[in-house]
**Student:** 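Sharing a structure here in structure tokens format.
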Amino acid sequence: MALITAENVDEVSVAQVYEWMQQRNNLLLLDVRNPAEVEAWKFEGRYTPETVHMFYGEFVEDEGAAAARVPRGKKVIVLCAKSGASEYVADMLREVFAIPAVNIAGGMIAWGNYYVRRPIVETPAYQIYQVDRPARGCLSYVLVSQGKAAIIDPLRHTHEYQDFLAERGLELALLLDTHAHADHISGGPELTRQTGAPYYLHPYDGIHPFDMLPARLDYAMLADGLEFILGDLTLRAIHTPGHTLGLVNFLATGGDGQSFLFTGDSIFIKSFGRPDLGGQGQTWAPLVYNSIFEVIRSRVPAEAWVLPGHYARHDEVNEDGAFMKRLDDLWRENEDLQVGKEEFIEFVLSHLPNMPEQYIQIKRVNAGLVHPDEAEASELELGKNVCALSTAY
């Protein structure tokens with residue numbers, strides 16, 4: 001890890017901080033946001049630094065007393081919402097008190113919009129990339145073969161995908177959403193407008209579950225068993241209702257026989273998708289169980305790699321830094337997959353966490369019923385996703 005000193009740097013990017021957090025580190029994260037902001041959205045990574053929360057106003061009121069409470073012996077990285085307050089605190093700590101401190105450029109907003117792309121598999125015939133938005137625990141995927149690309153669960157910032165396609169000289173052939181998302185705004189409809197590539201969604205998710213209004217967007221209908229050919233890859237839709245009525249898993253199989261299951265919000269590495277984000281928890285909880293234990297178990301090869309749409313904690317990552325696991329390993333290791341139907345449903349219905357109120361509006365956006373500007377979209381997506389439900393958390 002590169003040293004942070006007053007002589008060589010006074011500001012670091014969220015990309016650099018992300019890299020530091022991929023290994024154990026000697027950093028101190030000083031979060032100077034107000035308590036409500038900290039509670040709503042924490043700065044976390046694979047190896048989150050020791051974290052101290054001290055409101056910016058404490059430094060303004062009495063900088064000496066506040067600085068005295070900052071632990072010594074570690075390199076200090078200072079965080080706020082947009083980087084204005086954190087720049088002030090970092091400069092003061094460094095210049096007045098000789099504490100090696102730097103500002104995180106762009107603050108929590110920059111962190112919330114940061115993406116990481118990592119290879120899952122790269123063969124001469126096809127490649128699969130995991131696109132991670134680490135601040136929110138959201139995952140999407142780019143599949144590539146013979147000069148064409150498909151995107152599964154594209155996230156809101158479409159330039160992340162457009163830039164990748166342009167870098168590789170790829171044609172976007174297919175856009176697939178596993179379901180109508182509640183925690184984030186889908187980039188699928190916008191990418192369709194930008195590129196002309198068809199956008200697919202299951203028709204059961206083409207109706208807003210609270211307003212009961214049909215979607216106002218251009219999409220093609222997914223159906224169980226529908227197949228797509230992307231060069232050397234064959235993708236098959238498997239209808240797995242429960243998290244939403246229209247949730248679909250996609251099983252991708254390469255010409256080499258390897259298979260990859262894109263589970264959206266059905267099975268995660270250490271949890272499963274909650275059934276209540278459409279307001280029908282009691283009705284949909286049995287569907288979650290049936291989809292996991294009857295549909296997926298009977299129709300997906302045990303050796304398939306599971307590639308989820310979310311993660312709840314950064315320690316779900318494997319030793320290569322990717323969020324993926326063999327399905328047969330999940331049957332053994334995911335504690336939530338070791339119980340009977342009655343126990344499973346009872347746990348689900350007795351442990352449903354609060355649903356963020358903005359999720360209803362996000363579903364309106366993803367149905368094309370409302371069209372927020374950038375500021376409104378960013379406000380809707382504040383905070384980490386809470387789509388998972390698990391005995392492990």
**Student:** Is Lys74 salt-bridged to Glu50, cutoff N-O under 4.0 Å?
**Tutor:** yes
**Student:** Is it true that, when you exclude Lys341 itself, more than 12 heavy atoms of the residues, nucleotides or ligands shown sit nearer than 6.0 Å to its NZ?
**Tutor:** yes
**Student:** Would you tell me whether Ser378 and Glu374 have side-chain atoms, one donor and one acceptor, within less than 3.5 Å of each other?
**Tutor:**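 There is such a pair between these side chains.
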**Student:** Determine, stepwise, if the pair Thr158 / Gln194 fulfils side chain to side chain donor-acceptor pair (under 3.5 Å).
**Tutor:** CA-CA 9 Å; Thr158 59; Gln194 293 173 359; 3.1 Å; yes
**Student:** Please name the pair of heavy atoms, one in Ala101 and one in Arg94, separated by the smallest distance, quoted to 0.1 Å.
**Tutor:**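 Between these two residues, the closest heavy atoms are O-NH1, 2.8 Å.
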**Student:** Is it true that, when you exclude Glu61 itself, more than 12 heavy atoms of the residues, nucleotides or ligands shown sit nearer than 6.0 Å to its CD?
**Tutor:** no
**Student:** Aromatic contact between Tyr200 and Phe228, with the criterion being ring centroids under 6.0 Å apart: yes or no?
**Tutor:**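 Ring centres of Phe228 and Tyr200 closer than 6.0 Å.
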**Student:** Determine yes or no for a side-chain-to-main-chain donor-acceptor pair under 3.5 angstrom, with Tyr161 supplying the side chain and Val131 the backbone.
**Tutor:** no
**Student:** Please check if the number of heavy atoms outside Gln338 that lie under 6.0 Å from its CD is greater than 12.
**Tutor:**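 Yes - once you tally the heavy atoms of other residues, nucleotides and ligands closer than 6.0 Å, there are more than 12.
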**Student:** Quick one: does Asn25's side chain have a donor or acceptor within less than 3.5 Å of a partner on Gln23's backbone?
**Tutor:**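 Yes; judged by distance alone, with no hydrogens or angles, the pair exists.
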**Student:** Please walk me through it: do Ile104 and Leu29 pass side-chain contact (heavy atoms from CB on, under 4.5 Å)?
**Tutor:** CA-CA 10 Å; Ile104 300 178; Leu29 174 64; 4.0 Å; yes
**Student:** Met355 vs Leu277, test: side-chain contact (heavy atoms from CB on, under 4.5 Å). Steps then yes/no.
**Tutor:** CA-CA 7 Å; Met355 180 179 73; Leu277 296 183; 3.5 Å; yes
**Student:** Determine whether the side chains of Asn385 and Tyr311 contain a donor N or O and an acceptor N or O closer than 3.5 Å.
**Tutor:** no
**Student:** So, Ser291 side chain and Val288 main chain: donor-acceptor pair closer than 3.5 Å or not?
**Tutor:**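 Checked: no pair found.
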**Student:** Answer yes or no: is there an ion pair linking Asp328 with Arg326, defined by an N-O contact shorter than 4.0 Å?
**Tutor:**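 A salt bridge is absent here (no side-chain N lies under 4.0 Å from a carboxylate O).
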**Student:** Examine the side chains of Asp183 and His310 and answer whether a donor and an acceptor come within less than 3.5 Å of each other.
**Tutor:**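 Short answer, yes.
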**Student:** Between the side chains of Thr244 and Asp205, is a donor N or O closer than 3.5 angstrom to an acceptor N or O?
**Tutor:** yes
**Student:** Examine distances only and state if a side-chain atom of Asp276 and a backbone atom of Gln280 form a donor-acceptor pair shorter than 3.5 Å.
**Tutor:** no
**Student:** Answer yes if the side chains of Glu160 and Tyr115 hold a donor-acceptor pair under 3.5 Å, and no otherwise.
**Tutor:**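 Looking only at side-chain atoms, Tyr115 and Glu160 do not form any donor-acceptor pair under 3.5 Å.
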**Student:** Indicate yes or no: does Glu333 engage Lys325 in a salt bridge with an N to O separation below 4.0 Å.
**Tutor:**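 Salt bridge: yes.
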**Student:** Within the distance-only criterion (no hydrogens, no angle test), does the side chain of His53 pair as donor or acceptor with the backbone N or O of Asp31 below 3.5 angstrom?
**Tutor:**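 Between the backbone of Asp31 and the side chain of His53 there is no qualifying donor-acceptor contact (under 3.5 Å).
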**Student:** From the options Tyr114, Phe43, Tyr47, select the one residue that forms a ring pair (Phe, Tyr, Trp, His ring centres under 6.0 Å) with Tyr18.
**Tutor:** Tyr114
**Student:** State plainly whether the residues Arg117 and Glu167 are in salt-bridge range, i.e. N to O under 4.0 Å.
**Tutor:** yes
**Student:** Examine distances only and state if a side-chain atom of His208 and a backbone atom of Asn366 form a donor-acceptor pair shorter than 3.5 Å.
**Tutor:**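 Pair absent, no side-chain N/O of His208 close to backbone of Asn366.
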**Student:** Please answer: with hydrophobic residues joined when any side-chain heavy atoms are less than 4.5 Å apart, are Leu79 and Trp20 in the same cluster?
**Tutor:**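 Yes.
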**Student:** Ignoring hydrogens and angles, tell me if any N or O in the side chain of Glu376 forms a donor-acceptor pair with the backbone of Asp373 under 3.5 Å.
**Tutor:** yes
**Student:** In this structure, are over 12 heavy atoms from other groups packed under 6.0 Å from Glu357 atom CD?
**Tutor:**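 12 or below, so no.
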**Student:** Counting only N and O atoms by type, is there a donor-acceptor contact under 3.5 Å from the side chain of Tyr199 to the main-chain atoms of Asp177?
**Tutor:**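 It does not hold such a pair.
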**Student:** Could you pull out all residues at least two apart from Tyr289 that satisfy ring-ring contact (aromatic ring centres under 6.0 Å, His included)?
**Tutor:**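 Tyr289 satisfies ring-ring contact (aromatic ring centres under 6.0 Å, His included) with Phe293, Phe344 only.
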**Student:** Count I, L, V, M, F, W, Y as connected when their side-chain heavy atoms are under 4.5 Å apart, and connections chain through other members. Are Leu330 and Phe268 then in the same cluster?
**Tutor:** no
**Student:** What heavy-atom pair brings Pro209 and Lys363 nearest, and what distance separates the two atoms?
**Tutor:**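 Smallest interatomic distance, heavy atoms only, reads CG-CD, 3.8 Å.
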**Student:** So, are Lys270 and Asp315 salt-bridged, with charged N and O less than 4.0 Å apart?
**Tutor:**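 Judged by the 4.0 Å cut-off on N to carboxylate O distance, Lys270 and Asp315 do form a salt bridge.
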**Student:** Is it the case that one hydrophobic cluster holds both Ile120 and Phe250, taking links as side-chain heavy atoms less than 4.5 Å apart, direct or via other members?
**Tutor:**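 Both belong to a single hydrophobic cluster.
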**Student:** If you look at every heavy atom in Leu327 and Pro301, which pair is closest and at what distance?
**Tutor:**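 That would be CD2-O, 3.7 Å.
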**Student:** Measuring centre to centre across the rings, with the benzene-like ring taken for any Trp, is His239 within less than 6.0 Å of His202?
**Tutor:** yes
**Student:** Please report the shortest heavy-atom distance between Pro71 and Leu28, naming the atom on each side.
**Tutor:**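 So the two residues come closest at CD-CD2, 3.7 Å.
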**Student:** Please answer: with hydrophobic residues joined when any side-chain heavy atoms are less than 4.5 Å apart, are Leu251 and Phe272 in the same cluster?
**Tutor:** yes
**Student:** Does a side-chain N-to-carboxylate-O contact under 4.0 Å join Arg299 and Asp224?
**Tutor:** yes
**Student:** Is there a side chain to side chain donor-acceptor pair (under 3.5 Å) between Ser86 and Asn103 once you walk through the steps?
**Tutor:** CA-CA 6 Å; Ser86 56; Asn103 173 47; 2.4 Å; yes
**Student:** Can you list every ring pair (Phe, Tyr, Trp, His ring centres under 6.0 Å) pair that touches residues 59-86, not counting sequence neighbours?
**Tutor:**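 Residue pairs passing ring pair (Phe, Tyr, Trp, His ring centres under 6.0 Å), neighbours aside: none found.
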**Student:** Out of curiosity, does Ile152 fall in the hydrophobic cluster containing Leu175 (side-chain heavy atoms, cut-off under 4.5 Å, transitive links)?
**Tutor:**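 No.
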**Student:** Any carboxylate oxygen within less than 4.0 angstrom of a Lys/Arg side-chain nitrogen, looking at Glu316 and Arg313?
**Tutor:** no
**Student:** Judged by modelled atom types alone, do Asn34 and Tyr56 share a side-chain donor-acceptor pair under 3.5 Å?
**Tutor:**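 Tyr56 and Asn34 do not have a side-chain donor-acceptor pair below 3.5 Å.
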**Student:** Where the side chain of Thr192 meets the backbone of Ala197, is there a donor-acceptor pair that is under 3.5 Å apart?
**Tutor:**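 Confirmed, Thr192 side chain pairs with Ala197 backbone.
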**Student:** In plain terms, say whether Glu381 and Arg133 are close enough for a salt bridge, that is, a side-chain N and a carboxylate O under 4.0 Å apart.
**Tutor:** yes
**Student:** Carefully, step by step, assess Tyr129 and Arg168 under the rule side chain to side chain donor-acceptor pair (under 3.5 Å).
**Tutor:** CA-CA 13 Å; Tyr129 300 93; Arg168 301 296 182 94; 3.0 Å; yes
**Student:** Strictly distance-based, threshold 3.5 Å: is any side-chain N or O of Glu58 a donor or acceptor partner for the main-chain N or O of Phe55?
**Tutor:** yes
**Student:** Above 12 or not: heavy atoms from other molecules or residues under 6.0 Å from CG of Asn354?
**Tutor:** no
**Student:** Going by atom types alone, do Thr178 and Asp153 pair a side-chain donor with an acceptor below 3.5 Å?
**Tutor:**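 The criterion, which ignores hydrogens and geometry beyond distance, is satisfied for Asp153 and Thr178.
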**Student:** Return the minimal non-hydrogen interatomic distance between Met54 and Ala66, and the atom names on each side.
**Tutor:** CE-O, 3.2 Å
**Student:** So which atom in Glu227 and which in Arg236 form the shortest heavy-atom distance, rounded to 0.1 Å?
**Tutor:**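 Heavy-atom minimum between the residues: OE2-CD, 3.7 Å.
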